[in-house]
Amino acid sequence: MTIGSLTPLPLRECFSIDDVCTLVAKHFGVDLEFVTSETHFTNDLEANLLDRVELMLAIEAKFSGVEITDDDVEQIQVVGDLIRHLNAKVKR
């Protein structure tokens, strides 16, 4: 019985706000309506540094070709920052 695929998805051409908000909402266990591009990881989602690192690792695992460094994690404060970061990686 196969529960899920361990194969990472290919890097997308563009990450939409809806895609990233859905991923963030699922990761933090909050309603999708609560997550916008202005949602602050620490202030709104009460995520500490470890929570944010775990989210970034989950994103790297889900999408092959995405790399988020420790410095990137420090700079990504709101969901919009994450979207811009992911889309900047795609354009490289």
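Sequential numbering from 1 along the given sequence is applied to the chain's residues.
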Which residue pairs pass the salt bridge (Lys or Arg N to Asp or Glu O under 4.0 Å) test with at least one member in residues 32-53, sequence neighbours excluded?
none
Starting at [atom1] of [X], measure out to [atom2] of [Y] and round the result to the nearest 0.5 Å.
{"X": "M56", "Y": "E67", "atom1": "CE", "atom2": "CD", "value": "13.5 Å"}
{"X": "H85", "Y": "I68", "atom1": "NE2", "atom2": "CD1", "value": "5.0 Å"}
{"X": "I17", "Y": "I83", "atom1": "CD1", "atom2": "CD1", "value": "4.5 Å"}

Is any side-chain heavy atom of F28 closer than 4.5 Å to a side-chain heavy atom of V35?
no
Under 4.5 Å between any side-chain heavy atoms of K62 and I59, yes or no?
no
Under a 3.5 Å distance rule, please check whether T39 uses its side chain to pair with a backbone N or O of V78 as donor and acceptor.
no
Could you tell me if D72 and T69 have a donor-acceptor pair between their side chains, going purely by distance under 3.5 Å?
yes
Which heavy-atom pair separates [X] from [Y] by the least distance, and what is that distance?
{"X": "A25", "Y": "L32", "value": "CB-CA, 3.9 Å"}
{"X": "C21", "Y": "V79", "value": "SG-CG1, 4.1 Å"}
{"X": "V20", "Y": "L86", "value": "CG2-CD1, 4.0 Å"}

Taking side chain to side chain donor-acceptor pair (under 3.5 Å) as the definition, give me every residue that meets it alongside D81, ordered by chain and number, with sequence neighbours left out.
R84
Is it the case that atom CG in D70 sees more than 12 heavy atoms from other parts of the structure closer than 6.0 Å?
no
Not counting sequence neighbours, which residues clear side-chain contact (heavy atoms from CB on, under 4.5 Å) with H27? List them please.
E54, L55, A58
Test side-chain contact (heavy atoms from CB on, under 4.5 Å) on E74 and L49; report intermediate values, then the result.
CA-CA 8 Å; E74 291 285 337; L49 181 59; 3.8 Å; yes
